[in-house]
Amino acid sequence: MDAYELLTRNAEEVVTDEEVRDLAEDPAGKRAYVGYEPSGVLHLGHLLTANKLIDLQDAGMEVVVLLADVHAYLNEKGTFEEIRDTAEQMKAQFLAYGLDEAQTEFVYGSEFQLEEEYTLDLHHLERETTMNRAQRAMAEIQGDETAKVSHLVYPLMQTLDIEYLDLDLAVGGLDQRKVHMLAREKLPELDYDVRPAIHTPIVADLTSGEGKMSSSEGISISMEDSTEELEEKVNSAFCPPTREPEDDLENPVLELFEYHVFPRFEEVVVERPDKYGGDLTYEGYEDLAEDLDSGELHPADAKGTLASYLDELIAPGREKLRELRS
RNA sequence: CCGCCCUUAGCUCAGACUGGUAGAGCAGUCGACUGUAGAUCGACUUGCCCCCCGUUCAAAUCGGGGAGGGCGGACCA
(Lines give C-alpha, C1' and ligand atoms only; values in the text may rest on other atoms or scores of the structure.)
Protein backbone atom coordinates (compact mmCIF):
# COMPACT_ATOMS: atom_id res chain seq x y z
CA MET A 1 0.00 0.00 0.00
CA ASP A 2 1.55 3.34 -0.95
CA ALA A 3 1.83 6.31 1.36
CA TYR A 4 -1.04 8.27 -0.13
CA GLU A 5 -3.35 5.33 0.29
CA LEU A 6 -2.23 4.79 3.88
CA LEU A 7 -2.87 8.42 4.64
CA THR A 8 -6.31 8.58 3.10
CA ARG A 9 -7.90 5.15 3.32
CA ASN A 10 -11.12 5.07 5.31
CA ALA A 11 -11.01 8.83 5.64
CA GLU A 12 -14.32 10.59 5.30
CA GLU A 13 -12.71 13.82 4.23
CA VAL A 14 -9.30 15.03 3.12
CA VAL A 15 -8.53 18.75 3.13
CA THR A 16 -7.10 19.29 0.70
CA ASP A 17 -6.33 16.32 -1.44
CA GLU A 18 -3.56 18.22 -3.15
CA GLU A 19 -1.82 19.09 0.10
CA VAL A 20 -2.05 15.52 1.33
CA ARG A 21 -0.65 14.23 -1.93
CA ASP A 22 2.32 16.51 -1.43
CA LEU A 23 2.75 15.20 2.07
CA ALA A 24 2.57 11.61 0.82
CA GLU A 25 5.47 12.30 -1.52
CA ASP A 26 7.85 12.33 1.42
CA PRO A 27 6.07 11.38 4.64
CA ALA A 28 9.13 10.22 6.57
CA GLY A 29 9.51 12.19 9.77
CA LYS A 30 6.55 14.47 9.09
CA ARG A 31 4.38 15.17 12.10
CA ALA A 32 0.66 14.49 12.43
CA TYR A 33 -1.48 14.97 15.50
CA VAL A 34 -4.75 14.13 17.12
CA GLY A 35 -5.96 15.82 20.28
CA TYR A 36 -8.03 14.02 22.86
CA GLU A 37 -9.65 15.26 25.97
CA PRO A 38 -8.30 12.75 28.44
CA SER A 39 -10.68 10.05 29.53
CA GLY A 40 -9.88 6.99 31.58
CA VAL A 41 -11.22 4.45 29.14
CA LEU A 42 -10.82 4.42 25.38
CA HIS A 43 -13.88 3.69 23.29
CA LEU A 44 -14.37 2.89 19.62
CA GLY A 45 -14.39 6.56 18.73
CA HIS A 46 -10.84 6.91 20.00
CA LEU A 47 -9.77 3.74 18.26
CA LEU A 48 -11.08 4.90 14.92
CA THR A 49 -8.68 7.84 14.90
CA ALA A 50 -5.99 5.61 16.41
CA ASN A 51 -6.30 3.35 13.37
CA LYS A 52 -5.51 6.33 11.21
CA LEU A 53 -2.52 7.18 13.39
CA ILE A 54 -1.23 3.65 12.91
CA ASP A 55 -1.65 4.08 9.15
CA LEU A 56 0.39 7.27 9.33
CA GLN A 57 3.10 5.56 11.32
CA ASP A 58 3.19 2.77 8.77
CA ALA A 59 3.79 5.46 6.20
CA GLY A 60 6.73 6.67 8.23
CA MET A 61 5.19 9.68 9.94
CA GLU A 62 5.67 10.81 13.51
CA VAL A 63 2.51 10.98 15.54
CA VAL A 64 1.81 13.51 18.26
CA VAL A 65 -1.00 12.62 20.63
CA LEU A 66 -2.12 15.73 22.43
CA LEU A 67 -3.45 14.89 25.86
CA ALA A 68 -5.60 17.98 25.96
CA ASP A 69 -5.78 18.61 29.67
CA VAL A 70 -6.35 22.34 29.35
CA HIS A 71 -9.14 21.74 26.87
CA ALA A 72 -10.69 19.21 29.21
CA TYR A 73 -10.43 21.76 31.98
CA LEU A 74 -12.18 24.34 29.81
CA ASN A 75 -14.88 21.77 29.21
CA GLU A 76 -15.29 21.21 32.94
CA LYS A 77 -14.07 17.64 32.90
CA GLY A 78 -12.51 17.83 36.33
CA THR A 79 -9.49 19.16 38.17
CA PHE A 80 -6.08 19.07 36.56
CA GLU A 81 -5.07 16.23 38.84
CA GLU A 82 -8.03 14.09 37.84
CA ILE A 83 -7.53 14.91 34.20
CA ARG A 84 -3.85 14.05 34.33
CA ASP A 85 -4.61 10.76 35.99
CA THR A 86 -7.05 9.69 33.29
CA ALA A 87 -4.63 10.92 30.66
CA GLU A 88 -1.94 8.55 31.88
CA GLN A 89 -4.37 5.66 31.61
CA MET A 90 -5.33 6.80 28.15
CA LYS A 91 -1.72 6.89 27.04
CA ALA A 92 -1.11 3.34 28.27
CA GLN A 93 -4.15 2.08 26.40
CA PHE A 94 -3.09 3.70 23.14
CA LEU A 95 0.28 1.98 23.34
CA ALA A 96 -1.38 -1.31 24.20
CA TYR A 97 -3.69 -0.87 21.26
CA GLY A 98 -0.82 -0.70 18.84
CA LEU A 99 0.61 2.78 18.47
CA ASP A 100 4.34 2.47 17.94
CA GLU A 101 6.04 3.93 20.98
CA ALA A 102 9.13 4.95 18.99
CA GLN A 103 7.06 7.04 16.60
CA THR A 104 4.63 8.50 19.11
CA GLU A 105 5.03 11.61 21.17
CA PHE A 106 2.51 12.19 23.94
CA VAL A 107 2.23 15.83 24.88
CA TYR A 108 0.19 17.46 27.60
CA GLY A 109 -1.48 20.66 26.53
CA SER A 110 -0.44 22.34 29.75
CA GLU A 111 3.21 21.81 28.80
CA PHE A 112 3.03 24.64 26.27
CA GLN A 113 -0.43 26.21 26.30
CA LEU A 114 0.25 28.22 29.42
CA GLU A 115 3.45 29.81 28.14
CA GLU A 116 3.47 33.55 27.69
CA GLU A 117 4.07 33.47 23.96
CA TYR A 118 1.21 31.06 23.42
CA THR A 119 -1.09 33.12 25.60
CA LEU A 120 -0.32 36.30 23.76
CA ASP A 121 -0.90 34.55 20.46
CA LEU A 122 -4.19 33.32 21.82
CA HIS A 123 -5.23 36.86 22.66
CA HIS A 124 -4.17 37.93 19.20
CA LEU A 125 -6.36 35.22 17.74
CA GLU A 126 -9.24 36.29 19.98
CA ARG A 127 -9.01 39.74 18.42
CA GLU A 128 -9.07 38.26 14.93
CA THR A 129 -12.09 36.03 15.52
CA THR A 130 -15.73 36.96 15.92
CA MET A 131 -17.75 35.20 18.59
CA ASN A 132 -20.07 33.99 15.89
CA ARG A 133 -17.21 32.34 14.04
CA ALA A 134 -15.74 30.67 17.12
CA GLN A 135 -19.09 29.42 18.30
CA ARG A 136 -19.89 27.96 14.93
CA ALA A 137 -16.65 26.01 15.05
CA MET A 138 -17.56 24.58 18.42
CA ALA A 139 -21.22 23.79 17.80
CA GLU A 140 -20.59 20.14 16.94
CA ILE A 141 -18.41 19.49 19.97
CA GLN A 142 -20.30 21.59 22.43
CA GLY A 143 -23.69 19.99 21.88
CA ASP A 144 -26.60 21.54 23.70
CA GLU A 145 -24.63 23.08 26.47
CA THR A 146 -25.07 26.75 27.12
CA ALA A 147 -22.32 28.71 25.46
CA LYS A 148 -19.58 29.87 27.78
CA VAL A 149 -16.55 31.98 27.02
CA SER A 150 -14.50 28.81 27.48
CA HIS A 151 -16.28 27.31 24.49
CA LEU A 152 -15.07 30.13 22.32
CA VAL A 153 -11.49 29.89 23.53
CA TYR A 154 -11.44 26.14 22.97
CA PRO A 155 -11.28 26.08 19.16
CA LEU A 156 -8.87 29.00 19.12
CA MET A 157 -6.45 27.02 21.23
CA GLN A 158 -6.78 24.07 18.88
CA THR A 159 -5.83 26.39 16.09
CA LEU A 160 -2.66 27.46 17.87
CA ASP A 161 -1.81 23.89 18.87
CA ILE A 162 -1.36 23.04 15.23
CA GLU A 163 1.32 25.69 14.99
CA TYR A 164 2.96 25.18 18.36
CA LEU A 165 3.26 21.42 17.99
CA ASP A 166 5.05 22.01 14.72
CA LEU A 167 2.73 19.80 12.73
CA ASP A 168 2.36 18.89 9.09
CA LEU A 169 -1.09 17.35 9.38
CA ALA A 170 -4.12 17.47 11.65
CA VAL A 171 -6.25 14.38 12.16
CA GLY A 172 -9.62 14.11 13.84
CA GLY A 173 -13.13 12.75 13.66
CA LEU A 174 -15.52 14.46 11.34
CA ASP A 175 -16.82 16.37 14.35
CA GLN A 176 -13.53 18.27 14.32
CA ARG A 177 -13.90 19.56 10.81
CA LYS A 178 -15.23 22.99 11.66
CA VAL A 179 -12.45 23.56 14.14
CA HIS A 180 -9.87 22.56 11.55
CA MET A 181 -11.48 24.82 9.00
CA LEU A 182 -11.26 27.67 11.46
CA ALA A 183 -7.58 26.85 11.92
CA ARG A 184 -6.98 26.83 8.18
CA GLU A 185 -8.69 30.18 7.92
CA LYS A 186 -6.95 31.84 10.86
CA LEU A 187 -3.38 30.51 10.84
CA PRO A 188 -2.41 32.60 7.80
CA GLU A 189 -3.81 35.68 9.51
CA LEU A 190 -1.18 35.15 12.20
CA ASP A 191 1.45 34.51 9.53
CA TYR A 192 1.55 30.78 10.23
CA ASP A 193 1.32 28.01 7.66
CA VAL A 194 -1.90 26.26 6.75
CA ARG A 195 -1.86 22.51 7.40
CA PRO A 196 -3.96 19.87 5.75
CA ALA A 197 -6.50 17.86 7.73
CA ILE A 198 -7.79 14.32 7.50
CA HIS A 199 -11.10 13.41 9.08
CA THR A 200 -12.27 9.98 10.03
CA PRO A 201 -15.94 9.10 9.69
CA ILE A 202 -18.38 9.06 12.55
CA VAL A 203 -19.71 5.56 12.93
CA ALA A 204 -23.45 5.13 13.24
CA ASP A 205 -25.09 4.30 16.54
CA LEU A 206 -24.76 0.59 17.18
CA THR A 207 -28.33 -0.12 18.16
CA SER A 208 -30.23 2.19 15.86
CA GLY A 209 -28.02 2.58 12.81
CA GLU A 210 -28.68 6.30 13.00
CA GLY A 211 -26.03 8.91 12.99
CA LYS A 212 -23.15 10.22 11.01
CA MET A 213 -23.43 13.44 12.88
CA SER A 214 -23.57 12.84 16.58
CA SER A 215 -20.18 12.51 18.20
CA SER A 216 -19.14 10.03 20.82
CA GLU A 217 -22.58 9.77 22.45
CA GLY A 218 -23.84 6.51 21.07
CA ILE A 219 -20.58 4.65 21.14
CA SER A 220 -20.80 2.10 23.85
CA ILE A 221 -18.00 -0.37 23.14
CA SER A 222 -14.90 0.41 25.13
CA MET A 223 -11.64 -0.96 26.44
CA GLU A 224 -13.27 -2.04 29.67
CA ASP A 225 -15.84 -4.33 28.10
CA SER A 226 -15.45 -7.98 28.92
CA THR A 227 -15.67 -10.51 26.13
CA GLU A 228 -19.19 -11.33 27.23
CA GLU A 229 -20.31 -7.70 27.31
CA LEU A 230 -18.80 -7.14 23.91
CA GLU A 231 -20.63 -10.12 22.44
CA GLU A 232 -23.85 -8.91 23.98
CA LYS A 233 -23.46 -5.41 22.62
CA VAL A 234 -22.55 -6.55 19.14
CA ASN A 235 -25.37 -9.03 19.13
CA SER A 236 -27.92 -6.36 19.96
CA ALA A 237 -26.65 -4.14 17.15
CA PHE A 238 -28.88 -3.07 14.31
CA CYS A 239 -27.96 -5.25 11.37
CA PRO A 240 -30.30 -5.73 8.42
CA PRO A 241 -28.95 -8.13 5.79
CA THR A 242 -28.12 -5.26 3.45
CA ARG A 243 -25.32 -2.82 2.80
CA GLU A 244 -27.59 0.13 2.57
CA PRO A 245 -30.58 0.03 4.88
CA GLU A 246 -33.55 2.22 4.04
CA ASP A 247 -34.47 5.51 5.64
CA ASP A 248 -30.98 6.94 5.59
CA LEU A 249 -29.75 4.41 8.13
CA GLU A 250 -26.36 2.75 8.14
CA ASN A 251 -25.39 -0.80 8.91
CA PRO A 252 -23.18 -0.35 11.96
CA VAL A 253 -21.94 -3.94 11.91
CA LEU A 254 -20.53 -3.44 8.43
CA GLU A 255 -19.09 -0.10 9.45
CA LEU A 256 -17.22 -1.70 12.31
CA PHE A 257 -15.81 -4.30 9.96
CA GLU A 258 -14.76 -1.61 7.55
CA TYR A 259 -13.24 0.87 9.95
CA HIS A 260 -12.06 -1.28 12.84
CA VAL A 261 -11.48 -4.84 11.75
CA PHE A 262 -10.13 -4.88 8.21
CA PRO A 263 -7.59 -2.08 8.76
CA ARG A 264 -5.98 -4.18 11.48
CA PHE A 265 -6.25 -7.73 10.14
CA GLU A 266 -4.92 -9.29 6.95
CA GLU A 267 -7.81 -11.69 6.73
CA VAL A 268 -11.06 -12.32 8.52
CA VAL A 269 -12.36 -15.83 9.03
CA VAL A 270 -16.05 -16.37 9.67
CA GLU A 271 -16.47 -19.62 11.51
CA ARG A 272 -19.72 -21.27 10.56
CA PRO A 273 -21.21 -24.65 11.32
CA ASP A 274 -21.43 -26.93 8.28
CA LYS A 275 -25.20 -26.72 8.20
CA TYR A 276 -24.92 -23.03 7.34
CA GLY A 277 -22.20 -23.59 4.74
CA GLY A 278 -18.95 -23.86 6.66
CA ASP A 279 -16.23 -21.28 7.26
CA LEU A 280 -15.68 -18.23 5.07
CA THR A 281 -12.47 -16.26 4.62
CA TYR A 282 -12.28 -12.61 3.59
CA GLU A 283 -9.26 -10.56 2.68
CA GLY A 284 -11.06 -7.30 2.27
CA TYR A 285 -14.11 -5.42 3.41
CA GLU A 286 -15.79 -5.30 0.01
CA ASP A 287 -16.10 -9.07 -0.29
CA LEU A 288 -17.63 -9.38 3.15
CA ALA A 289 -20.08 -6.57 2.55
CA GLU A 290 -21.14 -8.08 -0.77
CA ASP A 291 -21.73 -11.45 0.84
CA LEU A 292 -23.89 -9.92 3.54
CA ASP A 293 -25.82 -8.07 0.89
CA SER A 294 -26.34 -11.18 -1.23
CA GLY A 295 -27.36 -13.36 1.69
CA GLU A 296 -24.28 -15.56 1.48
CA LEU A 297 -23.24 -14.26 4.90
CA HIS A 298 -25.92 -14.22 7.58
CA PRO A 299 -25.95 -11.23 9.96
CA ALA A 300 -25.74 -13.51 12.99
CA ASP A 301 -22.50 -15.02 11.71
CA ALA A 302 -21.18 -11.58 10.88
CA LYS A 303 -21.90 -10.46 14.41
CA GLY A 304 -20.21 -13.40 16.04
CA THR A 305 -17.15 -12.81 13.93
CA LEU A 306 -17.14 -9.08 14.56
CA ALA A 307 -17.32 -9.60 18.29
CA SER A 308 -14.35 -11.94 18.37
CA TYR A 309 -12.15 -9.66 16.25
CA LEU A 310 -13.06 -6.60 18.27
CA ASP A 311 -12.32 -8.58 21.36
CA GLU A 312 -8.87 -9.34 20.04
CA LEU A 313 -8.28 -5.65 19.34
CA ILE A 314 -9.42 -4.58 22.76
CA ALA A 315 -7.82 -7.34 24.81
CA PRO A 316 -4.37 -5.75 25.33
CA GLY A 317 -5.88 -2.43 26.42
CA ARG A 318 -8.31 -4.20 28.69
CA GLU A 319 -5.43 -6.05 30.27
CA LYS A 320 -3.48 -2.81 30.70
CA LEU A 321 -6.43 -1.16 32.37
CA ARG A 322 -6.70 -4.04 34.78
CA GLU A 323 -3.03 -3.64 35.69
CA LEU A 324 -3.36 0.07 36.21
CA ARG A 325 -6.33 -0.34 38.47
CA SER A 326 -4.98 -3.12 40.63
C1' C B 1 -28.66 46.67 38.15
C1' C B 2 -34.06 46.15 36.61
C1' G B 3 -38.17 43.27 34.30
C1' C B 4 -40.61 38.91 32.24
C1' C B 5 -40.66 33.51 31.34
C1' C B 6 -38.91 28.48 32.47
C1' U B 7 -37.23 24.26 36.01
C1' U B 8 -41.96 17.54 36.97
C1' A B 9 -39.45 10.07 34.44
C1' G B 10 -33.31 9.20 30.42
C1' C B 11 -35.79 13.04 26.59
C1' U B 12 -40.12 16.39 25.12
C1' C B 13 -43.75 17.96 28.06
C1' A B 14 -49.08 17.75 30.65
C1' G B 15 -50.85 18.47 35.66
C1' A B 16 -50.64 24.25 39.17
C1' C B 17 -55.93 28.91 38.28
C1' U B 18 -60.19 25.37 41.74
C1' G B 19 -54.14 21.85 47.59
C1' G B 20 -55.76 15.36 48.74
C1' U B 21 -47.94 12.81 48.07
C1' A B 22 -48.03 12.38 39.42
C1' G B 23 -49.31 11.38 34.09
C1' A B 24 -48.65 11.00 28.38
C1' G B 25 -45.55 10.30 24.14
C1' C B 26 -40.78 8.79 22.98
C1' A B 27 -36.72 6.04 25.12
C1' G B 28 -35.51 1.71 28.15
C1' U B 29 -36.15 -3.54 30.06
C1' C B 30 -38.36 -8.43 29.32
C1' G B 31 -40.99 -12.01 26.41
C1' A B 32 -43.27 -13.85 21.29
C1' C B 33 -41.93 -13.98 16.06
C1' U B 34 -37.64 -14.18 12.94
C1' G B 35 -30.84 -18.47 12.49
C1' U B 36 -28.91 -11.48 14.26
C1' A B 37 -30.76 -6.82 15.11
C1' G B 38 -34.86 -3.90 13.50
C1' A B 39 -40.18 -3.73 12.43
C1' U B 40 -44.66 -5.90 14.67
C1' C B 41 -47.42 -7.82 18.88
C1' G B 42 -47.72 -8.63 24.42
C1' A B 43 -46.05 -7.25 29.39
C1' C B 44 -43.20 -4.17 32.62
C1' U B 45 -40.00 -0.42 34.95
C1' U B 46 -38.78 4.60 35.95
C1' G B 47 -39.42 10.13 39.85
C1' C B 48 -35.19 14.38 46.32
C1' C B 49 -42.18 17.27 41.03
C1' C B 50 -34.71 22.58 41.41
C1' C B 51 -33.48 23.92 46.88
C1' C B 52 -34.86 26.18 51.73
C1' C B 53 -38.50 28.35 54.92
C1' G B 54 -43.65 29.20 55.82
C1' U B 55 -49.36 28.49 55.59
C1' U B 56 -52.34 23.94 56.11
C1' C B 57 -54.98 17.99 58.85
C1' A B 58 -52.66 17.74 53.88
C1' A B 59 -48.19 21.39 49.17
C1' A B 60 -45.62 19.56 42.53
C1' U B 61 -49.85 22.93 43.33
C1' C B 62 -50.58 28.59 47.83
C1' G B 63 -46.90 32.58 50.19
C1' G B 64 -41.72 34.22 51.00
C1' G B 65 -36.53 33.58 50.01
C1' G B 66 -32.70 31.38 46.95
C1' A B 67 -30.27 28.68 42.75
C1' G B 68 -29.84 27.36 37.60
C1' G B 69 -31.45 28.36 32.60
C1' G B 70 -33.82 31.49 28.62
C1' C B 71 -35.21 36.37 26.98
C1' G B 72 -35.61 41.64 27.24
C1' G B 73 -34.05 46.71 28.99
C1' A B 74 -30.68 52.92 22.83
C1' C B 75 -33.47 53.81 18.33
C1' C B 76 -37.21 51.67 15.34
C1' A B 77 -41.81 49.10 15.88
Side-chain angles (χ1 to χ4, degrees), chain A residues 39 41 43-45 73-78 131-132 134-136 138-154 175 201-222 225-262 265 268-282 285-314:
Chain A
S39 76
V41 179
H43 56 60
L44 284 187
Y73 181 77
L74 285 173
N75 249 345
E76 302 175 56
K77 295 294 166 59
M131 291 208 278
N132 206 344
Q135 199 167 5
R136 204 148 50 82
M138 262 309 270
E140 197 84 13
I141 299 167
Q142 182 187 328
D144 290 332
E145 270 184 77
T146 305
K148 304 246 179 73
V149 175
S150 55
H151 293 133
L152 302 181
V153 172
Y154 192 108
D175 55 332
I202 302 296
V203 173
D205 178 74
L206 200 55
T207 59
S208 69
E210 293 167 3
K212 278 292 184 207
M213 42 200 226
S214 65
S215 45
S216 49
E217 273 310 301
I219 297 169
S220 56
I221 293 175
S222 78
D225 286 334
S226 67
T227 302
E228 295 71 31
E229 285 169 327
L230 190 64
E231 284 169 352
E232 203 177 307
K233 285 177 181 178
V234 171
N235 184 51
S236 65
F238 177 66
C239 185
T242 52
R243 299 187 66 162
E244 292 180 13
E246 296 176 349
D247 297 330
D248 228 23
L249 296 176
E250 302 296 328
N251 188 322
V253 171
L254 283 183
E255 288 190 331
L256 295 188
F257 269 113
E258 183 176 13
Y259 299 120
H260 289 279
V261 176
F262 279 104
F265 293 93
V268 171
V269 178
V270 177
E271 294 179 14
R272 269 194 323 194
D274 287 339
K275 73 166 176 171
Y276 291 134
D279 293 358
L280 292 167
T281 300
Y282 297 101
Y285 166 72
E286 274 305 313
D287 293 341
L288 183 144
E290 275 172 31
D291 273 6
L292 186 87
D293 206 44
S294 73
E296 175 64 27
L297 174 63
H298 191 277
D301 292 323
K303 283 182 173 180
T305 305
L306 177 64
S308 72
Y309 279 89
L310 288 180
D311 190 57
E312 196 174 326
L313 285 173
I314 282 170

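Chain A is the first sequence line, chain B the second, and so forth, proteins listed ahead of strands; every chain is numbered from 1. Every value quoted in this text rests on a predicted model; they were computed, and no experiment measured them.
- Nucleotides B:rG3 and B:rU21, compared at atom C1', are 35 Å apart to the nearest Å.
- Under the 3.5 Å distance criterion, the side-chain polar atoms of A:Asn235 are left unmatched by any main-chain donor or acceptor of A:Lys303.
- To the nearest angstrom, P of B:rG28 lies 13 Å from CG of A:Leu206.
- Panel note: side chain A:Glu255, backbone A:Ala204; a donor-acceptor pair is recorded below 3.5 Å.
- When the P atom is used for both B:rC49 and B:rA9, the distance is 9 Å, rounded to whole Å.
- When all heavy atoms of A:His260 and A:Leu44 are compared, the pair lying nearest together is CE1-O, 3.2 Å.
- For B:rU8 and B:rG23, the C1' atoms lie 10 Å apart once the distance is rounded to whole Å.
- If you take CD of A:Glu271 and P of B:rU36, they are 20 Å apart, rounded to a whole angstrom.
- If you take CD of A:Glu76 and C1' of B:rG68, they are 13 Å apart, rounded to a whole angstrom.
- For A:Lys233 and B:rA37, the NZ to C1' distance is 16 Å, given to the nearest whole Å.
- Under the Watson-Crick or G-U wobble criterion, with both distances below 3.5 Å, B:rG42 is paired with B:rC30.
- Between the side chain of A:Asp293 and the backbone N or O of A:Thr242 there is no donor-acceptor pair closer than 3.5 Å.
- Summarising the geometry, the separation between CD on A:Glu246 and C1' on B:rG38 is reported as 12 Å, rounded to the nearest angstrom.
- In this structure, the CD atom of A:Glu232 is 12 Å from the C1' atom of B:rU29, given to the nearest Å.
- Counting only heavy atoms from C-beta on, A:Phe238 has its side chain closest to B:rG38 among B:rG35, B:rG38, B:rU36.
- The CG atom of A:Asn235 sits 13 Å away from the C1' atom of B:rU34 (whole-angstrom rounding).
- Residue A:Pro241 is classed as a base contact, given a heavy-atom separation below 4.0 Å to a base.
- If you take atom P in B:rU29 and the same atom in B:rC13, they sit 24 Å apart, rounded to whole Å.
- Under the 30°/60° scheme for interplanar angles, the aromatic rings of A:Phe262 and A:Tyr285 are found to stand perpendicular.
- Separating the NZ atom of A:Lys275 from the C1' atom of B:rG35 is a distance of 7 Å, rounded to the nearest angstrom.
- The gap from the C1' atom of B:rC26 to that of B:rU46 amounts to 14 Å, rounded to the nearest Å.
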